[in-house]
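Reviewing the structure listed below.
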Amino acid sequence: MVTKPVSKARKSAPVKRKPTEVGTTKDKDKSFSPQAFEPKWQKKWEADKLYRAVIDNSKPKHYALTMLPYPSGDLHIGHWYAMTPSDARARFKRMQGYNVMFPMGFDAFGLPAEGAAIKHNIHPKKWTYANIERMRTQMRSMGAMFDWEREAVSSDPEYYKWTQWFFIQLYKHGLAYRKKQAVDWCPKDNTTLAREQVKGEDRVCDRCGTPVIKKELDQWFFKATKYADELLRFEGIDWPEFIKTSQTNWIGRSEGASVNFRVESNQSTVDSDQSVQNTDDWSLITVFTTRPDTLWGATFMVMSPEHPLVDKITTAENAEAVRVYKAEAEKQTDIQREAKDKEKTGVFTGGYAINPVNEERIPIWVADYVLMSYGTGAIMAVPAHDERDFEFARKFGLKITPVIQADGMELNGETMTEAYAHDGVMINSGAFNGTRATNDKGMKNPAIKAVIEYLEQKGIGKRDVNYRYRDWLISRQRFWGAPIPMVYCETHGWNPVADDQLPVLLPDDITEWKPTGESPLKFHPTWKNATCPIGGEPAVRETDTMDTFMCSSWYHLRYLSPHDDNAPFDDAEYNYWMPVDTYTGGSEHANMHLLYFRFFHKALRDMGITEGGEPVMQLRNQGMVLAKDNSKMSKSKGNVIAPDVLVKKYGADTVRAYLMFFARWQQGAPWDSHGIEGTARWMRRVWTLFTDPSTALRSAQGELITASADVKKNLRRRVHQTLKRVTHDFENFEFNTIISSLMELLNEMYKAREAGAAGTPEWNEAVEIYLKMMAPIAPHIAEELWTNHLGKPYSIHQQKWPQVDEAAAREDSIEIPVQVNGKVRDRIVVAVDASEDEIRKAALASEVIQKYLEGKEPRKVIVAHGKLVSVVV
RNA sequence: GCCGAAGUGGCGGAAUAGGCAGACGCGCACGACUCAAAAUCGUGUUCCCUCCGGGAAUGAGGGUUCGAUUCCCUCCUUCGGCACCA
């Protein structure tokens, strides 16, 4: 192994084929032992504050951000995969002349700390901070350019003071509110969850995988839905397409109309002058539809069992059936109710509504396929054109009236076997008959547009938009989070804690955190006692803590001035560094963190705290490092790759390089332990070549081998071609091809050395450029070779990225394949600036080509300039 | 079902304003060095054949083109998101 004693490594030093190669091999420095020099440089860089990012108006800034970790205890290979390529790119940007800030911190509040508290009887704070200390050490071993003076830890009181302050700001601006409603509850974690934190068809808790249940609770929400439309706009930001579509799907905007139906009821007289706005009156029921053009086909109405008007509409003779149905629905879980393959169920209320466009009397049913949480909780059912309504109508023998059909189609409500959900022409729709309905959604569909205008004119409906997106539920019934800074008193209700009372500290003297379903803070003997900020009466604190996604919604701002006690961030720092230029991290946060912090930034902007609508200009997501069998790595499966072990064996640089090389970074791949030998070999070959004290080679006869002009020119060309490519690939996060280009160039340099190029100016330039290109990837080796072995000025990390010499990179002559009928038959070599005619002549002059032509004139000759000649016979 | 991303050797992957498919590396085989092994260095490595030379091949099928991994259509598979959302 590379750590073996020097003598042994030396004895085996190869190079028999060039007898005079290499000067003395007694030199101790020749052994390659990154374990020795890596910590040395890490300490020196830190002592010299090499990566300290301070405002410098003479330079363009670059804020490179990578997602901060939760302090789980050990840095795993996924952290390295996320962080070290991001670090390499930040370093590249720095060498390009940017003033780069690359901060790091810890997202330190969260459930696992309480789990550990229960298991080991240790305070979550103690556990968390011990983990942070450990992970800091591990992170230092990566050799990343983190500016530790900007470190932020979300569980520090100096941090969560401002998390609480932001909550209060949101509250004061009407963007935080308390509301009782049915919310998602994880029975294992014993806390409520935001909608985004409930996943998949099984509706499981994002954190622990337990199916969630619904509970009716008073909770704090952020008014994220206010920004639904703005969050759908991604103009001006460079984010991956699939994150944008994922967020777009999540927000789920539907354009359509709300329509008012009068209810005919034995308990009321219907006032026909009811206006559209008067939806509170139970004699009007409002429905939301994306297909107002099918309104004439609405032959019945369906209400959710939870709809508040159900009981008022239900007639005496149907009351018992409705009561039973509602009770059944209540018993079922969401999963049971929302299972798509479930057969439709429902009961008739006995009540009737009037279809406002044709005055038809339609029955009102109750069915659980209509959800109270979307739209108005009531729908107009158009069985002819909606699959679900069709199924329901057939099952219960309800009327089906087709109102749209394609040309040449004869739809019959009695006999049709499925809903017709496509384009066509409106029928059975009074004055609208003949209007063309396209497959377009919303106002782009001429039929929908025409009907909405009609509804608005008649005052029976209006254009409307609905979203899947819900407000962000941020209350958590857990201990280890930022306390929600609100107090409640009988007289003045809920009020925020005064700013000068912040932070509301978590108590250290707590012994009970068994998950009970209520916040452990509630059981602390004195903590919850407070006085009302308005009247000074005895009051109680909110004992729930905040969703930790709240902490991570603004950490990029805290990095600006992590110890500022007067403000969440310093204005001058903000004005210089924001917005974040490049953000890297996992895509699993697409609809959570990445959506929350966009919302947060917009809210801060509207409150006058920040400027600009988006926190991050460019987002890139790394893929995942999987176990060999393509499964996720997990402690329980025992298939976790520990970076510490690899670092010990190969050194950090090799691990960094391998993580950049072994897969497409944005895609990830299953881990292959053997593969790292390839990058280890590359590092050793770099070391061997660059530490060789002999600058020139001698022949067997002892004569100095000197490179020809061609060799030198070719070397220089390859160097600048590689530089061009590496620069491009760094810019585009294509790390794997950076490494392969460098490997190729190294192979070229070995050949050039054989040919006697060592020691020439071209060689020296190649070495210099090579190390600079390597510096972002393998910062320690590059520094060791640069500063120690070549004696160049410390530090390589303060050098400028080299300029591509385009003239040197250009080829003089190129080899062009010649095809006959699409098959490559010969290659010709032409000058790079040869004219099309010259290339054509050279191609046809080829003996091989002539053979294939068999004396015939080619039908066609195509010259793709600089690329290929295609001869067609 | 809808939306999105992706299918290239034994493996990770290169190459797309359409132009030499398989760069670079892993693995494997053979050779050099060695008492031997490791390390190192060199050579080879998509598949098939009658091995001189030729043919086939980038998930499958079709299309456009002198020419398609790249563009278009249909389908299959994998992965992610959403899903009784009216």
Side-chain angles (χ1 to χ4, degrees), chain A residues 1-2 4 8-9 11-17 199-201 240-250 252-254 256 287-291 294 302 337-342 344 367-371 373-382 386-389 391-392 466-468 587-588 590-591 623-624 628 630 658 661-664 666-667 669-679 681-682 684-685 688 734 736-747 750 815-824 827 858-873:
Chain A
M1 222 12 66
V2 283
K4 284 283 147 60
K8 183 149 189 190
K11 211 193 286 171
S12 57
V15 296
K16 278 273 165 60
R17 67 212 146 71
K199 294 273 149 130
E201 210 173 337
E241 213 50 51
F242 100 95
I243 298 281
K244 293 193 279 187
T245 48
S246 183
Q247 295 196 345
T248 303
N249 286 345
W250 182 257
R253 184 181 196 273
S254 300
V287 301
F288 174 73
T289 176
T290 55
R291 295 295 307 276
T294 63
V302 186
R337 272 184 66 169
E338 290 173 19
K340 203 179 174 180
D341 47 6
K342 198 186 109 176
K344 297 272 178 293
D368 66 3
Y369 82 91
V370 173
L371 311 173
S373 56
Y374 185 80
T376 63
I379 62 157
M380 63 177 217
V382 185
D386 182 281
E387 201 189 314
R388 297 152 300 177
D389 298 342
E391 193 192 330
F392 194 81
N466 249 284
Y467 303 90
R468 269 189 77 252
S587 57
E588 67 275 14
N591 297 340
M624 238 197 283
K628 207 160 180 161
N630 263 309
Y658 184 54
F661 178 63
F662 95 112
R664 279 181 273 215
Q666 296 180 61
Q667 198 165 292
W671 177 260
D672 173 16
S673 290
H674 293 296
I676 197 170
E677 293 291 346
T679 23
R681 201 165 289 141
W682 171 50
R684 284 197 292 267
R685 276 165 59 77
T688 305
E734 288 162 11
N736 55 340
T737 47
I738 294 174
I739 311 284
S740 35
S741 301
L742 288 175
M743 285 173 167
E744 272 179 273
L745 180 58
L746 188 70
N747 293 341
Y750 265 94
E815 194 185 69
I816 297 180
V818 183
Q819 295 183 338
V820 178
N821 288 341
K823 287 200 184 350
V824 179
R827 288 152 210 281
R859 263 204 306 152
K860 205 170 174 186
V861 180
I862 296 134
V863 178
H865 205 254
K867 298 243 176 98
L868 167 143
V869 179
S870 182
V871 181
V872 189
V873 204

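Naming convention: chains lettered A, B, ... in sequence-line order (proteins, then strands); numbering from 1 in each chain.
A heavy-atom distance below 4.5 Å is found between the side chains of A:Y369 and A:I379. The closest side-chain heavy-atom distance from A:V382 to A:R291 is not below 4.5 Å.
Under a 4.0 Å N-O distance rule, the pair A:E241/A:K244 qualifies as a salt bridge.
Between A:Y374 and A:F288, the ring-plane angle classifies as perpendicular under the 30° and 60° cut-offs.
When the side-chain nitrogen and oxygen atoms of A:N736 are compared with OP1 and OP2 of B:rA14, one or more of them lie within a distance under 4.0 Å. Close to B:rA86, at under 4.0 Å from its OP1 or OP2, lies a side-chain N or O of A:S254. OP1 or OP2 of B:rG13 sits under 4.0 Å from a side-chain N or O of A:Q667. Look at A:R681 and you'll find a side-chain N or O under 4.0 angstrom from OP1 or OP2 of B:rC26. In terms of phosphate contacts, A:R685 brings no side-chain nitrogen or oxygen within less than 4.0 Å of OP1 or OP2 of B:rU40.
Remark: the separation of the P atoms in B:rU43 and B:rA5 is 43 Å, to the nearest Å. On the P atoms, B:rU8 is 23 Å away from B:rG18, given to the nearest whole Å. Taking the C1' atom of each, B:rA57 and B:rU69 are spaced 11 Å apart, rounded to whole Å. Atom name P, nucleotides B:rA23 and B:rU16: the rounded distance is 15 Å, in whole Å. Rounded to a whole angstrom, the distance from the P atom of B:rU50 to that of B:rC41 is 38 Å. Taking atom C1' on both nucleotides, B:rA21 is separated from B:rC73 by 24 Å, rounded to a whole Å. Here, B:rA39 and B:rC26 have their P atoms 12 Å apart, quoted to the whole Å. Taking atom C1' in both B:rC20 and B:rA68, one finds a spacing of 14 Å when rounded to whole Å.
Between the CD1 atom of A:I862 and the P atom of B:rA68 there is a distance of 12 Å, rounded to whole Å. In this structure, A:R827 places its CZ atom 8 Å from P of B:rA21, rounding to the nearest Å. Rounding to whole angstrom units, CD of residue A:Q247 and P of B:rC82 are separated by 12 Å. Atom C1' of nucleotide B:rA83 and atom OH of A:Y374 are separated by 12 Å, given to the nearest angstrom. Rounding to whole angstrom units, CH2 of residue A:W250 and C1' of B:rC85 are separated by 12 Å.
In this structure, of B:rA86, B:rU40, B:rG81, it is B:rG81 that holds the atom nearest to the side chain of A:S246. In this structure, of B:rC20, B:rC84, B:rC24, it is B:rC84 that holds the atom nearest to the side chain of A:K344. Looking at the side chain of A:R664, the nearest of the listed nucleotides B:rG7, B:rC24, B:rA86 is B:rG7. Side-chain proximity of A:S740 to B:rC26, B:rC20, B:rA23: nearest is B:rA23. The side chain of A:F661 lies closest to B:rG25 when the candidates are B:rC66, B:rG25, B:rA86. Residue A:T245 has its side chain nearest to B:rG4 when only B:rA86, B:rG4, B:rG81 are considered. Listed nucleotides: B:rC20, B:rA86, B:rU40. Nearest to the side chain of A:P817: B:rC20. With B:rC84, B:rC20, B:rG25 as the choices, the nucleotide that has an atom nearest any side-chain atom of A:V824 turns out to be B:rC20. Comparing B:rC85, B:rC3, B:rC66 against the side chain of A:R468 picks out B:rC85 as the nearest. Listed nucleotides: B:rG19, B:rC26, B:rC82. Nearest to the side chain of A:L868: B:rG19.
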>> Please determine whether side chain to side chain contact (heavy atoms under 4.5 Å, CB included) holds for the pair A:M380 and A:T294, giving the CA-CA distance in whole Å, both sets of side-chain angles, and the decisive distance to 0.1 Å.
In response: CA-CA 10 Å; A:M380 63 177 217; A:T294 63; 3.8 Å; yes
>> Assess the residue pair A:R685 and A:N747 against the criterion (side chain to side chain contact (heavy atoms under 4.5 Å, CB included)); give the C-alpha distance rounded to whole Å, side-chain angles, the decisive distance to 0.1 Å, and a yes or no.
In response: CA-CA 9 Å; A:R685 276 165 59 77; A:N747 293 341; 2.8 Å; yes
> Are A:Q247 and A:N591 close enough, and set up right, to give a side chain to side chain contact (heavy atoms under 4.5 Å, CB included), and what steps lead you there?
Replying inline: CA-CA 6 Å; A:Q247 295 196 345; A:N591 297 340; 3.9 Å; yes
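Shown here, B:rA68 forms no base pair; nothing in the strands shown gives a Watson-Crick or G-U wobble contact with both key distances under 3.5 Å. Pair assignment for B:rU16 gives none, since no Watson-Crick or G-U wobble pairing has each distance under 3.5 Å. For B:rA56, the paired base is B:rU46 (Watson-Crick or G-U wobble, both distances below 3.5 Å). Base pairing of B:rU34: no nucleotide in any strand meets the Watson-Crick or G-U wobble criterion (both distances under 3.5 Å). The nucleotide B:rG10 finds its pairing partner in B:rC26, both defining distances of the Watson-Crick or G-U wobble pair being shorter than 3.5 Å. Across the strands present, B:rA5 finds its partner in B:rU78; the criterion is a Watson-Crick or G-U wobble pair with both atom distances under 3.5 angstrom.
Checking A:D389 against A:V871, the closest nucleotide of RNA chain B that is more toward the 5' end is the one next to A:V871. With the nearest nucleotide of RNA chain B identified for both A:I816 and A:T289, A:I816 has the one nearer the 5' end.
Within 4.0 Å of A:S870, counting heavy atoms only, lies at least one base atom of the nucleic acid. A:F242 comes within 4.0 angstrom of the backbone, heavy atoms only, and of no base. Within 4.0 Å of A:N591, counting heavy atoms only, lie sugar-phosphate atoms of the nucleic acid but no base atom. Residue A:W682 is classed as having no contact, given no heavy-atom separation below 4.0 Å to the nucleic acid. Across all strands shown, A:N466 has no heavy atoms under 4.0 Å from either base or sugar-phosphate atoms.
Syn is the conformation of B:rG9, whose glycosidic angle sits no further than 90° from 0.
Ring to ring, A:Y658 and A:W682 are not that close: their centroids are 6.0 angstrom or more apart.
One distance of note links OG1 of A:T290 with CZ of A:R253; it measures 12.5 Å at 0.5 Å rounding.
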